Chemist: 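Below is a structure I'd like to ask you about.
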There are 2 protein chains.
Amino acid sequence: MESPSLALIELLGVVAYGELSGFFRIAADAELAPSLAESIRMAELAHVEFRHYSLISAHIQSLGVDPEVAMAPFVGAFDGYHERTKPADWFEGLVKVYVGDSLATDFNLEIANLLPSESQQIILKTADSSSHIEFAVSTLKSAMAIDERLRGRLALWARRLVGEAIAQAQSLAAEHDGLFELINGATMNGSHTEGASELVGLDLGRAFIRLTEKHTQRMQRLGLAA
Amino acid sequence: MESPSLALIELLGVVAYGELSGFFRIAADAELAPSLAESIRMAELAHVEFRHYSLISAHIQSLGVDPEVAMAPFVGAFDGYHERTKPADWFEGLVKVYVGDSLATDFNLEIANLLPSESQQIILKTADSSSHIEFAVSTLKSAMAIDERLRGRLALWARRLVGEAIAQAQSLAAEHDGLFELINGATMNGSHTEGASELVGLDLGRAFIRLTEKHTQRMQRLGLAA
């Protein structure tokens with residue numbers, strides 16, 4: 001078996017640990033749920049993240065790489081993100097699930113385009129959680145309909161989440177050679193870089209525009225300015 | 001469909017919420033893990049609890065009862081138990097997984113004998129977690145081999161966990177009519193009680209002896225006095 005490139009393993013490691021840390025965070029934030037019904041919805045969401053993590057972890061293993069080794073470089077960044085974005089209450093927790101989970105799904109769809117076929121199939125399987133977060137949307141809309149101040153607070157909160165996520169993504173790319181080459185090789189010369197020979201390059205500018213557009217649409221669904 | 005007895009629904013509700021609260025607690029206690037490898041093991045354990053919860057919840061639903069309604073009466077007791085037994089560090093967390101998960105499995109095996117066939121099959125499926133907790137045993141043994149004071153502290157901690165669990169079980173039985181009738185009907189006259197017509201009575205004395213014996217064996221495996 002040809003050994004996978006550093007860029008591929010780094011991409012898979014990022015996605016795997018993103019799902020795993022999402023699992024832990026959603027399970028913990030379920031404590032904020034006002035009743036059993038809502039905490040069950042959160043447990044179900046956390047479970048979906050765990051299933052995604054398991055799929056990617058098994059795939060990394062099948063490429064001959066220890067999943068823990070692939071994920072380890074990204075633990076600090078994700079844990080730092082979650083540390084800096086602890087929801088103050090149940091509604092902030094729901095916005096975080098909605099914004100964060102959706103951004104992660106969109107990010108995964110973008111990078112799926114860069115990957116060799118088998119890895120691509122795995123990543124596409126992890127982009128199925130949108131139906132599970134409808135309950136976040138409906139709960140938030142009902143709550144904001146009767147509390148205008150909540151709407152303002154949650155709009156600020158959503159912007160902070162996106163800002164933290166972008167800052168995190170930038171420093172991840174800057175600090176990891178495989179990710180850096182993949183992104184900069186593609187944006188600087190449009191061709192494949194040496195370190196990521198089986199990967200297609202990412203057009204970072206366009207990807208960023210697409211991610212931002214989708215985020216804006218989601219905020220509009222909630223009745224929030226992005 | 002004949003409607004299920006109060007005692008059956010209460011038993012299933014207790015077991016379902018026990019698994020769900022175990023899921024949340026193990027996921028939260030994974031924060032104490034010293035490294036990624038250990039936090040992954042905890043995530044896997046939490047995931048097993050969630051699968052058990054899902055099985056029982058779906059079964060309750062199939063009996064025509066809302067699982068949330070069946071679980072709701074037991075939320076306070078389990079949450080209280082977890083609140084009073086928050087591990088102070090990673091090793092206490094592992095002992096809690098080992099002692100608590102095993103006691104729950106043994107308890108489920110005991111009550112499985114009381115249930116109609118279909119419910120029995122479901123409960124037996126939830127008694128499969130022992131292979132997943134072997135890592136707790138080996139990690140604890142290694143740590144105690146090099147720290148004799150840890151051994152003393154963890155022996156005390158395990159006794160406290162069992163004490164709290166028994167106190168909780170007693171108050172659950174005392175406060176819920178179906179569970180009360182099932183247990184007392186069986187121990188007082190050895191026959192089936194009216195409120196639990198399709199259930200076989202529990203011989204509480206013998207069950208308690210079996211649970212205690214198994215706990216003692218587990219403590220011996222760790223090299224701890226029960």
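Letters A, B, ... are given to chains in the order of the sequence lines, protein chains preceding strands, and every chain is numbered from 1. Quick caveat, the model's predicted, so the values are computed rather than measured.
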Chemist: Between A/Ala37 and chain B, with a heavy-atom cut-off of 4.5 Å, which part of the residue counts as in contact: side chain, backbone, both or neither?
Modeler: both
Chemist: Which pair of heavy atoms, one from B/Ala46 and one from B/Phe23, lies closest together, and at what distance?
Modeler: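 Taking every non-hydrogen atom into account, O-CD1, 3.1 Å.
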Chemist: Pick one of side chain, backbone, both or neither for A/Ser39, based on which atoms fall under 4.5 Å of a heavy atom in chain B.
Modeler: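 Contact with chain B is through both the backbone and side chain of A/Ser39.
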Chemist: Okay, side chain of B/Trp90, backbone of B/Leu32: is any donor-acceptor separation there less than 3.5 Å?
Modeler: no
Chemist: What part of B/Ser35 gets closer than 4.5 Å to chain A, counting heavy atoms only: side chain, backbone, both or neither?
Modeler: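 B/Ser35 has no heavy atom closer than 4.5 Å to chain A.
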Chemist: Where does B/Ala43 contact chain A at under 4.5 Å (heavy atoms): side chain, backbone, both or neither?
Modeler: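 B/Ala43 touches chain A through backbone and side-chain heavy atoms alike.
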Chemist: Determine yes or no for a side-chain-to-main-chain donor-acceptor pair under 3.5 angstrom, with B/Ser142 supplying the side chain and B/Ser138 the backbone.
Modeler: yes
Chemist: Is it true that B/Asp89 and B/Arg153 make a salt bridge, defined as a side-chain N closer than 4.0 Å to a carboxylate O?
Modeler: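 Between B/Arg153 and B/Asp89 there is a salt bridge, with a charged N closer than 4.0 Å to a carboxylate O.
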Chemist: Determine whether A/Lys96 and A/Glu164 satisfy the following criterion, salt bridge (Lys or Arg N to Asp or Glu O under 4.0 Å), listing intermediate values before the conclusion.
Modeler: CA-CA 12 Å; A/Lys96 186 173 173 183; A/Glu164 290 285 354; over 6 Å; no
Chemist: Please classify the contact between B/Met71 and chain A as side chain, backbone, both or neither, with a heavy-atom cut-off of under 4.5 Å.
Modeler: both
